[in-house]
Visitor: 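One structure, pasted below without further comment.
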Protein chains: 2
Amino acid sequence: MSNRYQTEATLGRPTMRHVAALAGVGIKTVSRVMNDEPGVSESTRLRVLEASQQLNYQLDMAAGSLRRTGRQTLSIGLLLPSVSNPFSGEIHRALEDSLAERGIAVFAASLDDDPQREKALVAAFLGRRVDGLVLTPIAKSQAYVIPEHSRDLPMVFIDREPVGIDADAVVTDNAVGAATAASHLLAHGHRKLAYLGDRTEIQTARERRQGFIEELGRAGLATSAVPVREGLHDEESARLAARELLASDDPPTAIFSSQNLVTFGVMRALKELGASKRVALVGFDDFTLADMMEPGITVIAQHPERIGKLAAERLVARIDGDRIAPATYIVPSELIVRGSGEIPPS
Amino acid sequence: MSNRYQTEATLGRPTMRHVAALAGVGIKTVSRVMNDEPGVSESTRLRVLEASQQLNYQLDMAAGSLRRTGRQTLSIGLLLPSVSNPFSGEIHRALEDSLAERGIAVFAASLDDDPQREKALVAAFLGRRVDGLVLTPIAKSQAYVIPEHSRDLPMVFIDREPVGIDADAVVTDNAVGAATAASHLLAHGHRKLAYLGDRTEIQTARERRQGFIEELGRAGLATSAVPVREGLHDEESARLAARELLASDDPPTAIFSSQNLVTFGVMRALKELGASKRVALVGFDDFTLADMMEPGITVIAQHPERIGKLAAERLVARIDGDRIAPATYIVPSELIVRGSGEIPPS
DNA sequence: TTGAAAGCGCTAACAA
DNA sequence: TTGTTAGCGCTTTCAA
């Protein structure tokens, strides 16, 4: 009876059988205790607990979820542009905070603008049987996850809406935010405005450009005459584009930049030309030390922490069986006035 | 014979048995194909592959690792101060890049300076049977992981050395970096220097203070007379401490700040007092836009990407069975000259 | 309140 | 080259 289970000390990780043997109970009783299930007398419970502590026993979640109804692994996959990107970091953090309450752990991975990687990483997550997916889509289409989505794998897209699949999404009001930037600059008297933006393959970049340009049109400006410089994906290309623009015959008196790195490039160009206090600038995306610049940089701030929190809420709702129709949730951006956007036209 | 396995379409996820049934082969043959094992004829392999694609089959890694020798899950746990902290983000990214080559996925979680959380998160990782752990220690002692470490769970500590356990660590040369800051300021003629630092419970903060002060002592300064303000954990407390220091009877002509947020607070105080170009400043940790400040901020830069890469290398070596004695690996910091640290004493 | 037996999806060991 | 059987550590089911 007592040597049903291996009793001697093991080098490997102890299992429930080891604990059961040490406590002198059946394996199912150990399972009940470890999972806080009812139906165990207090004295038995204590004996099991003591044995498990003595052996430093740790429940194997993976083995458990293999048999458990629902088969949840209490882990999700998160796909970000890059875990080293501060915007992504904020989203990640907000998600983590919301999911930690449920004991859900997060696999995080970086896409690096590589559509191939997107599919490979999703496959890697699926192979690990995640309970849900939070994805920043980058590939042309997300139709490849339709099979999983149909099998009810919870899925929330963030930052950009997915293409080719009808699923939940949480995004910033890019066009509205960009239009706010435009009307802010217009209100300060500018009539010669320029747009500097990221690559046009990026949906959010297109939305921001469109929102900006359309607002100028609504104000009666000839939108075809608005200088638009796109395809800027790093600081240096933005710096060069801004310099070129500012050196032209009819330079803009105000610039709107669609993204952090572009904003940095423009700031650098303005500084080099000694024009920081003469040319107005509004950037999309807030950043650390924006208020410490000279002048402070006026921005359209996104709220990554709200995006992350909302995405977590939607995901958890789906995990809990919510079957309402997929929807896109919009997180408003916010104009933060700091000086650079309030410079009048020269 | 043909109805050994369930053949009809299933709503749930398909298993190897479904693929085997569809391809008309045994389950082990499917296993061989999915794992790229030899001993399968090309024609069989193709049939299996086709069946698996048709069913959208995905290997269940967790189930596999339950039985597989070595029982690896191809996932590791990463504990960071916060995933939203840019320094942590860089480390995370470097780790991810190194581990992705091996198909290892990363569970990331944030500590938030909470020693309780450290233990809980490690337990959560262990319950998910990670193949290794990369940890930023924050609790007073890491002796609680000794059982796992003894069972050969690979483990690398980063940023700070662990206490109460002899394990691999990858850290910055904090004292040397701080001493470099001191000698740099001394070389520029300063004799009245001040130290503003983080909470003394943090090992790295203590090392930086010690390195800085000792270097001043080596140069013949009365170290007991050097103003030291510690316990600064955010921008605001640092700003106030700096203001107070600069308003004293005998204000310092140079300041060394031990950490990013402290540096920001000092920068703010200097700006408020119009002293940015009069008082020298060297900060520990590099940050975005440091070169865009007026003057640019001279820093002792850490190399998070190197820390992450080295940690990944050590972890993978341990996973592959490396048994050499645990050691601490030091990543040198680097002085980056930008202007604020080269201001002469007034 | 307790536990024995079956089986989750897979791989190891071995047989054909 | 292929397949069968056992069993990884756990939860479910059901009986005691």
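Just so it is clear, the values below take in all heavy atoms, side chains as well, and ignore hydrogens, waters and symmetry mates. Note on naming: letters A, B, ... go to the chains in the order of the sequence lines (proteins, then strands), and numbering restarts at 1 for each one.
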Visitor: Closest to the A:I27 side chain: D:dG3, D:dC10, D:dC14?
Guide: D:dC10

Visitor: If I take atom CZ from residue A:R17 and atom CD1 from residue A:I27, how far apart are they, to the nearest 0.5 angstrom?
Guide: 6.5 Å

Visitor: Given C:dC10, is OP1 or OP2 found less than 4.0 Å from the side-chain N or O atoms of B:S31?
Guide: no

Visitor: When you check the gap from the basic side-chain N to the acidic O, do A:E313 and A:K309 get nearer than 4.0 Å?
Guide: yes

Visitor: As a test of reading the structure: which of C:dA12, D:dT12, C:dG9 is closest to the side chain of A:L66, going by heavy atoms?
Guide: C:dG9

Visitor: Is a salt bridge present between A:E37 and A:K28, judged by a nitrogen-to-oxygen distance below 4.0 Å?
Guide: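 Counted as a salt bridge, because a side-chain N and a carboxylate O are separated by less than 4.0 Å.
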
Visitor: For B:G64 and for A:T69, find the nucleotide of DNA chain D with the closest heavy atom, then tell me which residue's nucleotide is more 5'.
Guide: B:G64

Visitor: At less than 4.0 Å, is any side-chain N or O atom of B:T29 found next to OP1 or OP2 of D:dG3? Yes or no.
Guide: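 Result: yes.
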
Visitor: Once you round it to whole Å, what is the distance between C1' of C:dG3 and CZ of A:R32?
Guide: 7 Å

Visitor: Quick one: does B:F125's side chain get under 4.5 Å of B:L133's, heavy atoms only?
Guide: yes

Visitor: Let me know the distance between CZ of B:R67 and C1' of D:dG7, rounded to the nearest Å.
Guide: 5 Å

Visitor: CG of B:L80 to CG of B:D112: how many Å apart, nearest 0.5 Å?
Guide: 11.5 Å

Visitor: Without decimals, in angstroms, what is the distance between B:Q72 CD and C:dA12 P?
Guide: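 Atom-to-atom, B:Q72 to C:dA12, this comes out as 12 Å.
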
Visitor: Run the side chain to side chain contact (heavy atoms under 4.5 Å, CB included) test on A:V316 and A:L99 for me, step by step, so that the C-alpha distance in whole Å, both residues' side-chain angles and the decisive distance to 0.1 Å come before the verdict.
Guide: CA-CA 8 Å; A:V316 164; A:L99 296 174; 3.6 Å; yes

Visitor: Students often get this wrong, so: under 4.0 angstrom with heavy atoms, is B:S65 touching a base, only sugar-phosphate, or nothing?
Guide: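 It contacts nothing in the nucleic acid.
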
Visitor: State the CD-CD1 distance between B:Q72 and B:I319, to the nearest 0.5 angstrom.
Guide: 6.5 Å

Visitor: Which whole-number value in Å describes the distance from A:M16 CE to D:dG7 P?
Guide: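 In whole Å, D:dG7 P lies 20 Å from A:M16 CE.
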
Visitor: Within this structure, what is the NZ-to-C1' distance between A:K28 and C:dA5, rounded to whole angstrom?
Guide: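 Whole-Å distance recorded here is 13 Å.
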
Visitor: Quickly work out the A:R68 CZ to D:dC10 P distance and round it to whole Å.
Guide: 11 Å

Visitor: Need one value for B:R71: base, sugar-phosphate or nothing, where a base atom within 4.0 Å counts as base even if backbone is also close, heavy atoms only.
Guide: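 The residue B:R71 makes sugar-phosphate contact but no base contact.
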
Visitor: Rounded to the Å, how far apart are A:L59 CG and D:dG9 P?
Guide: 13 Å

Visitor: Rounded to whole angstroms, how far apart are CE on A:M34 and C1' on D:dG9?
Guide: 13 Å

Visitor: Please list, by residue number, the residues of residues 35-45 of chain A whose heavy atoms come closer than 4.0 Å to an atom of DNA chain C; answer none if no residue qualifies.
Guide: A:G39, A:V40, A:S41, A:T44

